2 protein chains.
Amino acid sequence: MKKELTEKQERVLEFIKKFHTNNAMMPTVREIAKNFELSIGSVQQHLRALLSKGFLIKRGSLSRGIDFPNRKTFAQVPVLGTVHAGTFLEQIEDASDYIYINTDVTRNKKCFALKVKGDSMEPSGIVEGDTIVVSKGELPSNGDIVVALVDNESAVKMFYKEKGKIFLKSTNPKYPTLSSDDYKIDIVGKLIYLVRQYKN
Amino acid sequence: MKKELTEKQERVLEFIKKFHTNNAMMPTVREIAKNFELSIGSVQQHLRALLSKGFLIKRGSLSRGIDFPNRKTFAQVPVLGTVHAGTFLEQIEDASDYIYINTDVTRNKKCFALKVKGDSMEPSGIVEGDTIVVSKGELPSNGDIVVALVDNESAVKMFYKEKGKIFLKSTNPKYPTLSSDDYKIDIVGKLIYLVRQYKN
DNA sequence: TATTATAATATACATTTGTATTTTAGTCAA
DNA sequence: TTGACTAAAATACAAATGTATATTATAATA
C-alpha cells in the first residue's frame, strides 16, 4: 500500500540513502539542497512529501533528525579466532576483528564470532571460511548447531541430548559422533548467525 | 601505540559508541553533556582528548561531525524476492525488506538480495532460507556462483563458460547441468555475500 | 473552470550546535 | 614549587540547521 514517489522525490530519497551509507549520518536540508542545486524550500517540500508518504520519519527537531522508518541498528561482535569444524583444532583467542550484526538477531545476547575451518558441517551449509556468530552460554535444543569444547578443543557440531548424555554429531558422515561418555564436553554456545563473503 | 584513556574519557567514548549504535548518528556535545550531567565545556575537553589520542576524528565543523577512525559503513540492499536453487521457480519482485552489508563488501556495486529455496546448491553451502547478495551485472568467472534467468525463470547455479557456451551447474548432482544450447540463459549477477539466521 | 499536487525560489527567524574563553581545582611528576 | 594533565563549570558567540511563510509556475484532474 505504499504510495508512489515522483521521480524527483525518488532521487532525493536515493541521495539520502547514499549519503547515509557514505557518512553514517543523515544529510541536512541544506546538504541535500546543495547536491541538487535546489533552494532550501524546495527540498523542504520534497522531505515533507517523503515524510507524509512514509519513506522517512522524523525524530523531533534535531539536526540530521530524519530517519528511515525501519532502519536497523548493529551490534559490534568480536571475531575471536578460528574454530575447526572437523577435527577441532585451534583455540579461542583474543579479538582481532569485528563484524556487525543486526541487533534484532543478537537481541542483547553475549555474542562472539569465529572463522570456520574444516568440512565436517558441510551438509548443513557451513563451509570453510564462513564466519559464524555464537550466542554465548545459550542452552541448545536437539538439532541445534553449537560450538563446544571437546576435551578443551573447540568444535562446531550438531547437538543432541538423550537420557542425560550429550551427543555431538557432524553432519558430514565421514566424521564420528562424539558422546559425553568418551569426551569431556562443554557447550560454549549456540549458532545464531552465519555470514559468508565470496571471493571478489 | 594507542595512548591510554582516562576512566572518564573511556566512559564518554562508550556512550558515543552506544549512542551511535542506537541512533545511527553521533551525539552532539550537548547530548553527551546531558547524559553525564556535565557542562558543555567539560565535554569539550573530553572530546578534545579523544580526538588528540586518536579515538575519534572530526569532519569539519558540522553538526554531529565527530566520527570513529575506522567506522564501517553499510549499504542498504533490497531483498527482492525468492529464488529457487533447484527447479527455478519464483520471479523477482518488488522490494519487501532490506539487509545491510558492509560497503567494503558491496564496493559501490549495484546489489540486491534474494531468499533461497531448494537444495540444488547444498553441497556448496547454500541452503533453503539463506539470503544471498547478488552483484548485479557483474561478469562471473568459471566456478563463480550466479543468479541467472533460465528461460526467464530465476535460478542459483555455478557458472562455467567454454568455447562460447555457458553451462549452469547445480552442485547437488541430482540436478542436471543446463547449457546455453538448450535454454535461453541470462546472467543476472554474481554472488558476493551470504547470510543465514538460525532459528531462535 | 477550479482544484490539487508537484516543483521551485526567496526570505526570515528561532533553535540547535560547535567553538572559544575564562576560571577553579585536584593530582602527579620533574 | 612549578608545570602539565585532567576534570569541571559558566558564559558568550558564530555558524549550522530546522522551520515557517509567501510567491510563482506547471501539469493533471474532477
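Chain letters run A, B, ... following the sequence lines, proteins first and then strands; every chain starts at 1. Please read these numbers as outputs of a predicted model, since none were measured by experiment.
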Inset, instruction - Compute the bend angle of the helix from C:dT1-D:dA30 to C:dA30-D:dT1 from the end axes (five pairs per end), rounded to 10°. - result: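 The end-segment axes of the helix from C:dT1-D:dA30 to C:dA30-D:dT1 are tilted 20° relative to each other.
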So [Y] and [X], do their side chains get closer than 4.5 Å, heavy atoms only?
X      : Y      : result
B:N23  : A:R59  : yes
A:K58  : A:L47  : no
B:S135 : B:K110 : no
B:N102 : B:Y193 : no
A:F159 : A:N142 : yes
B:C111 : B:I101 : no

Inset, instruction - Is it possible for you to say whether B:L139 and B:V188 belong to one hydrophobic cluster, with membership spreading through side-chain heavy-atom contacts below 4.5 Å? - result: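 No, no single cluster joins them.
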Any [X] side-chain nitrogen or oxygen under 4.0 Å from OP1 or OP2 of [N]:
X     : N      : result
B:S63 : C:dT17 : no
B:T6  : D:dC5  : no
B:K53 : D:dT6  : yes

Inset, instruction - Among residues two or more places apart or on two chains, list those pairs meeting ring pair (Phe, Tyr, Trp, His ring centres under 6.0 Å) that have a residue in residues 28-47 of chain A. - result: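 Qualifying pairs: A:F15-A:F36.
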Nucleotide [N], atom [atom2] - distance to [atom1] of [X] in whole Å:
X     : N      : atom1 : atom2 : value
B:K58 : C:dA20 : NZ    : C1'   : 14 Å
A:I40 : D:dT17 : CD1   : C1'   : 9 Å
A:R48 : C:dA7  : CZ    : P     : 13 Å
B:R11 : D:dA7  : CZ    : P     : 11 Å
B:E37 : D:dA8  : CD    : P     : 12 Å
B:K34 : C:dT16 : NZ    : P     : 11 Å
B:R64 : D:dT17 : CZ    : P     : 10 Å
B:H46 : D:dA9  : NE2   : C1'   : 12 Å

Inset, instruction - Indicate, with a heavy-atom threshold strictly under 4.0 Å, whether B:L62 touches base, sugar-phosphate, or nothing. - result: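 Since only primed, P, OP1 and OP2 atoms lie under 4.0 Å of B:L62, the category is sugar-phosphate.
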Inset, instruction - Classify the nucleic acid contact of A:Q9 as base, sugar-phosphate or nothing, counting any heavy atom under 4.0 Å across all strands shown. - result: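 The answer is sugar-phosphate, as A:Q9 gets under 4.0 Å only of primed atoms, P, OP1 or OP2.
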Inset, instruction - With DNA chain C as reference, determine whether A:Q45 or B:Q45 sits nearer its 5' end, using the nearest nucleotide of each. - result: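 Per heavy-atom nearest nucleotide, the more 5' residue is A:Q45.
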Inset, instruction - Within residues 21-32 of chain A, find the residues that approach DNA chain D with a heavy atom at under 4.0 Å, and present them sorted by residue number. - result: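 Residues of residues 21-32 of chain A under 4.0 Å from DNA chain D: A:T28, A:V29, A:R30.
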Legend entry - B:K109, NZ atom: more than 12 neighbouring heavy atoms under 6.0 Å: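 For B:K109, atom NZ is crowded (more than 12 foreign heavy atoms under 6.0 Å).
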Legend entry - Within 6.0 angstrom of B:K190 NZ, more than 12 heavy atoms from elsewhere: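 Buried by this count: over 12 neighbours within 6.0 Å.
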Legend entry - DNA chain D: 5'-proximal contact among B:A49 and B:S61 (nearest heavy atom):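 That would be B:A49.
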